[in-house]
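In what follows, a structure is listed as structure tokens, so that the remarks can point back to it.
Counting begins at 1 with the first residue of the sequence.
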Amino acid sequence: MRHLSSGEPSPVSKPASGWPTIRTLLPYLMEHRGRVALALVFLVAAKLANVGVPLIMKEIVDGLGITLSGGPEKLAFGVIAGLLIAYGAARLSTTVFTELREFVFAKVTQSAVRRIALEVFRHLHSLSLRFHLNRQTGGMTRDIERGSRGVSSLVSYTLYSILPTLVEIALVLSILAWKYDKWFVIITLVALAAYIVWSVAVTEWRTGFRRAMNDLDSKANVRAVDSLLNYETVKYFGNEEYEAKRYDQSMARWEEAAVKSQTSLSLLNTGQSAIIAVAVTAIMWRATVGVANGSMTLGDLVLVNAFMIQLYIPLNFLGVLYREIKQSLADMERMFTLLRENREVADQPGAPALALTGAAIRFEHVDFSYEPNRQILFDVDFAVPAGRTVAVVGHSGSGKSTLARLLYRFYDVAPGGGAIRIDGQDLRAVRQESLRRAIGIVPQDTVLFNDTIYYNIAYGNTEASREEVEAAARMASIHEFVMTLPDKYDTMVGERGLKLSGGEKQRVAIARALLKNPAIMIFDEATSALDSQTEKAIQAELRKAAENRTTLVIAHRLSTIADAHQIIVMDRGRIVERGAHAELLALGGHYARMWELQQEGDGEDAAPAAPATGLKAA
């Protein structure tokens, strides 16, 4: 399976016949076989009643003609009244059976839409971090939206519009062949054939315009969403007009494709109307000749005219239907392409849950690369004993954060590239859900949900009580700040938490991780956005959080990890030094030089060891 490149708006498949998409959809519909069968019964009943309306009208017209002429076979008033009642009942029956069909089938359609949307949503969460780093959210969400709408359109149009149209055409042709000469059937069949050929040919030609519209619409939406998500950056550099021009460039290309699509649609509609007009005129001419020579009655003329009107409506709808089906298939194909996206990180069949006995972590000679031509880690080998704290330091790009991503199984170590184990269990052999339940993290870049502060803290444990949430907030030194807000814990944090400062977001992340109460904690630059005073206060709480837990600290500020049991120093993906703080300073290598540089830039952290500000395990 392929992965998206950064330049793609969203998954786009090549034009397909549509049958694979339909086959994908059918199992969702067949879960409600009883409703489907009942809806089919109502469908046939509605069409029988609809065809019966012109037949009753013919009898009424013929009966009135004989009665008004004073002929010997004139109908009694009661018979005519009965025919009128039957006429009204037939019309009402058409509507009633049609609505019953829609009522019965609504559950089938909406259930299919819901299940497919849910499956796509779950599948997107199951894809690897690589996919989500390459995705463009605006285009992908637009594809899901159109795909879900396409499911509803395809089901409604295909199963319960095409079939009734075909049933009605078959009934009308049968009556024409039974009651009148062959020319009525021949003209109708020729018109049908010409109409279908014209509709299919032109629609196939203009499908390319529709597909281009979708692509350009997704690209324009990607640019709009990306620009709005980076609103502050746009303002910082005064590039509002530049962003507007970029968006307008995309919309201009979309406009060109949209004009072509609408022009070709007008051509299609004109041709369809011309075919129908010629056919109706020819049939009415034959009927008029029949009335003139006495082979047909006025009632027959009315009947044929009514049949042509009834055929014209579904025929015209058949053209619209074909266009909508093609569009729906194209829209759905994009969404189903997401479902076919490869799960790069997948659990093995029957994989057991992670069994914790002490939560000891072991990286065994790990080699790793995000791309084949760019290796990130080289023979990384170290252990984090149960209940101990190990820190990893190094310059940017040395591979520190990659360790946390591998521990979370956002990526898997390739076969032959070593292994990562917890309590002796290879992470690739256990269920991801159980692994991630055992780990808590405070990330450097904290992204919050556009919801309340309470929701974002409680996300660490959705079953926690309010008292537990507030206790976690106190441990993260954010409770006092929250209580000063007008809405307190019900304060909305905004898109990606932009209403909060960097330090406030990081404290929410710390509270969230503490509330989870995991066996393993990862602190990835957990206090990088805090001022020195707040950092010292929170370091004491983090030290408590690390007690009796296996803790991996990824740090740039060395004063925060001076009390770690072991410090791993990485450079360009390799471990170059390891040992305790004092040992590494005495060594005079990479760590000592980093320490000296940081002391020169931050006098308040000059002390080589400060238990009150560093992590310390029990």
Check: Thr550 side chain, Gly387 main-chain N or O, donor-acceptor pair, under 3.5 Å: yes
Chi angles and distances behind the side-chain contact (heavy atoms from CB on, under 4.5 Å) call for Thr551, Ile520: CA-CA 6 Å; Thr551 307; Ile520 298 171; over 6 Å; no
From CA spacing to verdict: side-chain contact (heavy atoms from CB on, under 4.5 Å), Val493, Ile453: CA-CA 6 Å; Val493 302; Ile453 293 177; 3.6 Å; yes
Straight-line distance of Ser477 OG to Glu504 CD, nearest 0.5 Å: 12.5 Å
Ser434 (side chain) donor-acceptor with Leu354 (main chain) under 3.5 angstrom: yes
Side-chain touch Leu406/Val366, heavy atoms, less than 4.5 angstrom: yes
Within-4.5 Å side-chain heavy-atom neighbours: Ile568 and Gln566: yes
Pairwise distance CG(Asp524) to CD1(Ile441) - rounded to 0.5 angstrom: 5.5 Å
Within-4.5 Å side-chain heavy-atom neighbours: Gln375 and Tyr370: no
Student check: side-chain heavy atoms of Phe378 and Arg572 closer than 4.5 Å: no
Worked verdict on Glu583 versus Arg578 for salt bridge (charged side-chain N to carboxylate O under 4.0 Å, His left out): CA-CA 9 Å; Glu583 296 171 347; Arg578 69 179 77 203; over 6 Å; no
N/O donor-acceptor pair under 3.5 Å between Asp426 side chain and Arg421 backbone: no
Full working for side-chain contact (heavy atoms from CB on, under 4.5 Å) between Ser227 and Tyr247: CA-CA 9 Å; Ser227 179; Tyr247 181 66; over 6 Å; no
Neighbour count >12 (heavy atoms, 6.0 Å) for atom CD, Glu255: no
Val553 side chain near Val392 side chain, heavy-atom distance below 4.5 Å: no
Check: His365 main-chain N/O paired with Asp381 side-chain donor or acceptor under 3.5 Å: yes
For the student: nearest non-hydrogen atoms of Val430 and Ala351, plus distance: C-CB, 4.2 Å
Between CD1 on residue Ile376 and OH on residue Tyr411, distance to nearest 0.5 Å: 10.0 Å
Backbone of Asp412 reached by a side-chain donor or acceptor of Arg428 within 3.5 Å: no
Test item: Asn456 side-chain N/O and Leu448 main-chain N/O as donor-acceptor pair under 3.5 Å: no
Donor-acceptor contact below 3.5 Å, side chain Thr452 vs main chain Met492: no
Pairing residues for Arg436 by the side chain to side chain contact (heavy atoms under 4.5 Å, CB included) criterion, not counting sequence neighbours: Tyr408, Arg409, Phe410, Gln432
Under 3.5 Å: donor-acceptor pair, side chain of Arg362, backbone of Gly424: no
Minimum side-chain heavy-atom gap Leu403-Leu407 below 4.5 Å: no
Interatomic spacing from OG1 in Thr233 to CD in Glu243 - rounded to 0.5 Å: 9.5 Å
Point-to-point distance, once rounded to the nearest 0.5 Å, from CZ of Arg223 to OG of Ser250: 3.5 Å
Residue Arg593 excluded, over 12 heavy atoms near CZ under 6.0 Å: yes
Salt bridge (Lys or Arg N to Asp or Glu O under 4.0 Å) contacts touching residues 510-520 (sequence neighbours left out): none
Short side-chain to backbone donor-acceptor contact, Asp423 and Leu356, under 3.5 Å: no
Contact check, side chains of His590 and Met570, non-hydrogen atoms, under 4.5 Å: no
Donor-acceptor contact below 3.5 Å, side chain Asp248 vs main chain Ala244: no
Pairs meeting criterion ring pair (Phe, Tyr, Trp, His ring centres under 6.0 Å) with involvement of residues 424-453, two or more places apart: Phe449-Tyr455, Phe449-Tyr459
Distance in Å, Leu552 CG paired with Thr389 OG1, rounded so as to fall on 0.5 Å steps: 9.5 Å
Side-chain heavy atoms of Asp367 within contact of Leu377, under 4.5 Å: no
